[in-house]
Enquirer: 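There's a structure below that I have some questions on.
Letters go in sequence order (proteins before strands), and every chain restarts at 1.
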Protein chains: 2
Amino acid sequence: MSNRITLKQIAKELNLSVSTVSKSLRNSREISTDTKNLVQAFAKFYNYKPNSIALNLRNRKSKTIGVIIPEITHYFFSNVIAGIDSEANKKGYRVVVSLSNESFDTEVVNIETLANGSVDGFILSVAKETLLNKDYHHFKETINQGMPIVMFDRITNEVACDKVIIDDKEGAKKAVNKLLNTGCKKIALVTTEDYVTVGSLRTKGYIEALEESNIAYDPNLVIKIQDQGLNKDEEITLLGQSIVKLLHQHRDIDAFFAVNELSAITVMKVVLDLGYKVPEDISIIAFTDGVLSKYSIPALTTVSQHAFEMGVASAKLLIDKIEEITNSEFHITQTMDATLIERQTTK
Amino acid sequence: MSNRITLKQIAKELNLSVSTVSKSLRNSREISTDTKNLVQAFAKFYNYKPNSIALNLRNRKSKTIGVIIPEITHYFFSNVIAGIDSEANKKGYRVVVSLSNESFDTEVVNIETLANGSVDGFILSVAKETLLNKDYHHFKETINQGMPIVMFDRITNEVACDKVIIDDKEGAKKAVNKLLNTGCKKIALVTTEDYVTVGSLRTKGYIEALEESNIAYDPNLVIKIQDQGLNKDEEITLLGQSIVKLLHQHRDIDAFFAVNELSAITVMKVVLDLGYKVPEDISIIAFTDGVLSKYSIPALTTVSQHAFEMGVASAKLLIDKIEEITNSEFHITQTMDATLIERQTTK
DNA sequence: TTGTACGCGTTATCAG
DNA sequence: CTGATAACGCGTACAA
């Protein structure tokens, strides 16, 4: 029920044609100064603003970026959004956010409802269920229809599009090497199931770092987080139990490397409860740059994911594609360095 | 550069008129079954989807909700968005998010660029700078132009619109009473400057609870968080120093009530560093339902803000106004109960 | 200097 | 049963 004034209304009031009004407002040289002044004053007075929907239709673009992420109440993702928002606004784009909640169906619906012209392109991180299903037809179709997609963090190589990731394997190696360099001998790993790309890459980094130091990789020191059909609280409880069990079986564990924040915090809680000192008895490093790590007591040493910068980079790539600054046939994968942030859970 | 098929193209291919195609796809009884089948099959094959921008223009609505919040990397706000998103999707609306970063100018720009038809209404939480300036003309103008606004959490009574808040005063009283009931005698307060509505209401609750228990309110026990011109880290460092100083001057403080999460975590860090035991020596309660509280060690007792539910409630109110289910002259303020979540920082 | 006509994609109305 | 026309709001090539 917006009662915003339109060109037509101005034209009528002023006894001019719509095009004269339009030209006047765009300061066309075709129009006499008198008319322009009149129209501009009138428009200003009535607070005229061009209707962006009409412009979108006319220009066949929306100047809007669709962002689809698994969940928003997660520091990493909300920080990526902040980065996207910042870069998008600079370039005159808006950001519409929709959440897949890790569900394949929701992801499909969201991408389809936004792909009808509402959006000029997508930035997204793939839902777990999609990764598990390995069904990427919705992405492929969207791309076939001429809509660019940029994937970040949770990506799949089965879809040809621009991607922004951090160097998960190298980041994991940095973490493990830090632990080794501070004297840790027996490092346990808390990771996800393999279908989560980032999880498996970090696991690889863990294994490689050990091997490069001539330490045999021991699968018994690895906990895989179970999350199928569980809510977050149950997931954490279960994880806690696994950690207790592991520490019971391997009393000489002196470090944990966790691929995400919450599992690291869970490790810390269990370890402190059991009476260990952190980092004197057990060191902990997590892959994350969330708030929990920063403000936990003791503060967690982490491998930073540079979420904000990933958002900025993704937005840049997407906008370049939208505006056809870069060739749409050619896809690049941008890898950001993962950096170690030393805090209090390592020696 | 989307190459999605349009009605016109289908019509041309099938040697029909655009209107026949349109009617066929909408299953009009006017069209012969044969034609309908043909058109529908063709459309399905080419994956026809109506262009939503054209529909928006025609229907003069966007089926989109604009959300403007101060920052997104904040569990409370991202959780509100999750609630809005959930309710909006149920009713067929999309959500566009933009961030004010606590800046007045950014808030004004964002609301103006979205009010040009991109959005059917707004859900927002007022930026600190705006609250400080007390300049609400952008909200008022938007409302005057027939665009409904729903404010949540950080609101102002100077703008006539629907509002969703939690019962800040009562929540604060619950917190303080909990502390009193568990034997605390000298309760310090960490709060914001008064211009932040929620902060001042929580302060009021603190004072009232004390008075109702016949305890004199002592302004010396109050720390006001300084954040003018500081970044978050500086703000926290400064706060930490104030807490140390306060504890030094008043050695018999046995509890802290903080109006937000980060300040409570800061309190806890300082208190633990100084060798106090929590909650044996000092109890802590914060106003929040963020992750820090849940996963801190010890876990923080909090007054929950029910962020997700606030999002849902705001979206319901806004959509009712947009669809003119509720009278647009009549504004309601919905107050949600604040509930105490007892964890480990209280006895 | 101003106005007319057209197109962006859709649907409702009315004519055939 | 099918099609032409108008309208949503805007900008622009072209005509006057």
Enquirer: Could I get the full list of side-chain contact (heavy atoms from CB on, under 4.5 Å) partners for A/Lys316, not counting sequence neighbours?
Expert: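 Testing A/Lys316 for side-chain contact (heavy atoms from CB on, under 4.5 Å), a comparison that skips the adjacent residues, returns A/Glu87, A/Lys91, A/Val312.
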
Enquirer: Considering only residues two or more places apart or on different chains, which pairs with a residue in residues 7-45 of chain B satisfy ring-ring contact (aromatic ring centres under 6.0 Å, His included)?
Expert: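 Passing the test, one end in residues 7-45 of chain B: B/Phe42-B/Tyr46.
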
Enquirer: Taking the side chain as every heavy atom from C-beta outward, state whether A/Ile149 and A/Leu124 have any atom pair closer than 4.5 Å.
Expert: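 With C-beta onward as the side chain, the pair touches.
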
Enquirer: Rounded to the Å, how far apart are B/Ile53 CD1 and C/dG9 C1'?
Expert: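 Answer to the nearest Å: 10 Å.
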
Enquirer: Taking 5' to 3' order, which nucleotide of DNA chain D is first and which is last to have an atom within less than 4.0 Å of a heavy atom in chain B?
Expert: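 Result: D/dC1 to D/dG9.
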
Enquirer: According to ring-ring contact (aromatic ring centres under 6.0 Å, His included), who are the partners of B/Tyr195, at least two apart in sequence or on a separate chain?
Expert: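 Here no residue qualifies.
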
Enquirer: Under 3.5 Å, which donor-acceptor pairs link side chains of residues 72-84 of chain B to any protein atom two or more places apart or in another chain?
Expert:
from, atom 1, to, atom 2, distance (Å)
B/Ser78, OG, B/His74, O, 3.3
B/Ser78, OG, B/Tyr75, O, 3.3

Enquirer: Could you please spell out the steps behind the side-chain hydrogen bond (donor to acceptor under 3.5 Å, both in side chains) verdict for B/Ser19 and B/Ser22?
Expert: CA-CA 5 Å; B/Ser19 45; B/Ser22 173; over 6 Å; no

Enquirer: Answer whether the closest heavy-atom distance between the side chains of B/Ser118 and A/Arg94 falls below 4.5 Å.
Expert: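 The answer is yes, as the side chains (C-beta and beyond) meet within the 4.5 Å cut-off.
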
Enquirer: What residues from residues 23-32 of chain B pass a heavy-atom cutoff of under 4.0 Å to DNA chain C?
Expert: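 By residue number: B/Lys23, B/Arg26.
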
Enquirer: B/Leu7 has an atom CG; how far is it from atom C1' of C/dT11, in whole Å?
Expert: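 For the pair B/Leu7 CG and C/dT11 C1', the rounded distance is 9 Å.
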
Enquirer: Under the salt bridge (charged side-chain N to carboxylate O under 4.0 Å, His left out) criterion, do B/Lys321 and B/Asp162 qualify, and how do the steps go?
Expert: CA-CA 9 Å; B/Lys321 272 283 182 333; B/Asp162 285 352; 2.9 Å; yes

Enquirer: Angle between the end axes of the helix from C/dT1-D/dA16 to C/dG16-D/dC1, five pairs per end, to the nearest 10 degrees?
Expert: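 Taking five pairs per end, the axes differ by 70°.
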
Enquirer: Name all residues meeting the ring-ring contact (aromatic ring centres under 6.0 Å, His included) criterion together with B/His331; count only those two or more places apart in sequence or in a different chain, and write none if there are none.
Expert: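 Counting only residues at least two positions away or on another chain, B/His331 forms no ring-ring contact (aromatic ring centres under 6.0 Å, His included).
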
Enquirer: Going by heavy atoms closer than 4.0 Å, what residues in residues 34-49 of chain A are next to DNA chain C?
Expert: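 Output list: A/Thr35.
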
Enquirer: On DNA chain D, does the nearest nucleotide to A/Ser22 precede the nearest nucleotide to B/Leu16 from the 5' side, or the other way round? Give the residue.
Expert: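 Per heavy-atom nearest nucleotide, the more 5' residue is B/Leu16.
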
Enquirer: Between A/Asn51 (side chain) and A/Thr6 (backbone), is there a donor-acceptor pair under 3.5 Å?
Expert: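 The answer is no, because no donor-acceptor pair under 3.5 Å joins these two groups.
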
Enquirer: How about B/Ser103 and B/Ser100: does a side-chain donor come under 3.5 Å of a side-chain acceptor?
Expert: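 Looking only at side-chain atoms, B/Ser100 and B/Ser103 do not form any donor-acceptor pair under 3.5 Å.
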
Enquirer: When all nucleic acid strands are considered with a 4.0 Å heavy-atom cut-off, which category describes B/Val18: base, sugar-phosphate, or nothing?
Expert: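 If one applies the 4.0 Å heavy-atom cut-off, B/Val18 turns out to touch a base.
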
Enquirer: Could you tell me the separation between the CG atom of B/Leu55 and the CZ atom of B/Arg60, rounded to the nearest 0.5 Å?
Expert: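 B/Leu55 atom CG to B/Arg60 atom CZ measures 14.0 Å (nearest 0.5 Å).
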
Enquirer: According to ring-ring contact (aromatic ring centres under 6.0 Å, His included), does anything in residues 88-107 of chain A pair up with another residue at least two apart or in another chain? List the pairs.
Expert: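 Listed by first then second residue: A/Phe104-A/His138.
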
Enquirer: Each nucleotide N or O in nucleotides 5-8 of chain C that has a protein N or O under 3.5 Å away: list the pair and distance.
Expert:
from, atom 1, to, atom 2, distance (Å)
C/dG7, N2, A/Arg58, NE, 2.9
C/dC8, OP2, B/Lys8, NZ, 2.5

Enquirer: Under the salt bridge (charged side-chain N to carboxylate O under 4.0 Å, His left out) rule, collect the residues that match up with B/Glu309, sequence neighbours excluded.
Expert: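 By the salt bridge (charged side-chain N to carboxylate O under 4.0 Å, His left out) rule, B/Glu309 matches no residue at all.
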
Enquirer: At under 4.0 Å between heavy atoms, what does B/Leu55 touch on the DNA or RNA strands: base, sugar-phosphate, or nothing?
Expert: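 It contacts sugar-phosphate atoms only.
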
Enquirer: Evaluate A/Arg154 against A/Glu102 for salt bridge (charged side-chain N to carboxylate O under 4.0 Å, His left out), listing each step before the verdict.
Expert: CA-CA 11 Å; A/Arg154 297 222 297 244; A/Glu102 304 286 13; 2.5 Å; yes

